[in-house]
Protein chains: 2
Amino acid sequence: MDVKHLCLGVLSSGPASGYDIKKHFESSFKHFFVAGYGSIYPALSRLLELRYVEVERLEQERLPDKKLYRITAAGRHAFQSALENTVPRHKVRSEFLAMMHFSEWLPPESVRDALEVHLSELEQLRDTLELAEQAVASTGAEFSRRYSLVSTTALIDFLQQQRQHLDRKGMNPAARR
Amino acid sequence: MDVKHLCLGVLSSGPASGYDIKKHFESSFKHFFVAGYGSIYPALSRLLELRYVEVERLEQERLPDKKLYRITAAGRHAFQSALENTVPRHKVRSEFLAMMHFSEWLPPESVRDALEVHLSELEQLRDTLELAEQAVASTGAEFSRRYSLVSTTALIDFLQQQRQHLDRKGMNPAARR
DNA sequence: CACGGCATGTAATAAGTTACATGATTTA
DNA sequence: TAAATCATGTAACTTATTACATGCCGTG
């Protein structure tokens, strides 16, 4: 399960450009998969080579040409079998938690800043997830959205509690229970 | 912040072998960073080149030699400045959520299996995190442990609810609210 | 006798990140 | 006039994954 498969997933519901797909990653996949243009465009080229997608070039007035990608029958097939053979991993890679883990080697302001930054990122993610409720894409999309919302809101609560202690005592956020 | 830095972090609290460090990754870092021998041993070689660590070779009876790595002053310095310059990212990469998101293209048994597998992995992680309470390494380690425990228990609750609906109705777990 | 723990590594590959490169249009 | 949106891509680099390769010891 990599960027290529996620692109096929997006294209399963209709044709899109690389740019469109990126927006999809931002709005719907952000909570479980991160990808930028640097991985999306190469993925689309590769899918084209594999004949899992086709392109149509749309000329636009005053804007650069748009390339509309459309999934092929082979592409749908490949996507489904990839999905079925996926092992359901779930990995976290958190520089934030690494900093916290080693906060004893860090000046207190840095710890604080990291906490604030992370908290506001979580709040932003929560907002994104809540907004996404409007566009109920599929029951599966709704499940994954709610899953992440559960975890995000729990973490925001936790961090806000920790921050209070930090404010009151001016100490390392992890210093008490 | 990569495997090298995490190794320096471990070595900040005392000398260790690659094997020891791997155990540390399993018991204390698992919830925020994943690394196997294939990245730990090369990382240690690199740190040696950079003179951030030193080795001592310990011959053991009936067991393979052990290489004890010890952090140098330069290593401590490099670790601290890396920590201070780290931006506190937090990324999730979840094949599980990808499967759920696209569950409409998947047979219901696969969806169910994925949910069961993921749930038991979360339960295992929760157990690991709870066990780790005994060995209170540092306040920072305790913070990151509790952070992940909060999210993990919330997610276990959520998935157990979802599973109930699945059992009662024999339908796609995401199908209702 | 099989399995898990102890102990080290390499090599090939796959994958993703970052910076670079370009440029018009719309909106505040 | 600065910033955001639309729109595409490449190249160099860094990183991690996977499989391979070896072998003893203790326990059930």
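In this text, all values refer to a predicted model and were calculated from it rather than measured experimentally.
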Closest approach of A:G75 to A:L8 (non-hydrogen atoms, all atoms of both residues):
O-CD1, 3.9 Å
Tell me whether the NZ or CZ atom of A:K30 lies within the 45° cone about the ring axis of A:F25 and under 6.0 Å from its centre.
no
Would you give a per-nucleotide map of nucleotides 10-22 of chain D, 5' to 3', where B means the base has a protein non-hydrogen atom under 4.0 Å away, S means only the sugar-phosphate does, and - means neither?
B----SSBB----
With sugar-phosphate meaning primed atoms plus P, OP1 and OP2, does B:F25 contact a base, only sugar-phosphate, or nothing at under 4.0 Å between heavy atoms?
nothing
Whole Å only: how far is the CD atom of A:E49 from the P atom of D:dG9?
13 Å
Over 60° means perpendicular and under 30° means parallel, so tell me whether B:F102 and A:F79 are parallel, tilted or perpendicular.
perpendicular
To the nearest angstrom, how far is B:L68 atom CG from C:dC6 atom P?
15 Å
Without decimals, in angstroms, what is the distance between A:L44 CG and D:dT8 C1'?
11 Å
D:dT8 C1' sits how many Å from A:L48 CG, rounded?
14 Å
Atom OH of B:Y19 and atom P of C:dT8: how far apart are they, to the nearest Å?
9 Å
Are B:R145 and B:E142 ion-paired here, with the side-chain N under 4.0 Å from a carboxylate O?
yes
Taking 4.0 Å as the cut-off, does a side-chain nitrogen or oxygen of B:K67 come that near to OP1 or OP2 on C:dG9?
yes
Can you measure A:K22 atom NZ to C:dT17 atom C1' for me and round it to whole angstrom units?
13 Å
Length of the line joining B:E26:CD and C:dG5:P, which is rounded to integer Å
11 Å
How long is the line joining CG of A:L50 and P of C:dA14, in whole Å?
12 Å
Got a donor-acceptor contact below 3.5 angstrom from the A:S103 side chain to the A:M99 backbone?
no
Qualifying residue, where the test is side-chain contact (heavy atoms from CB on, under 4.5 Å) with B:V92 and the options are A:H90, A:R93, A:H31:
A:H90
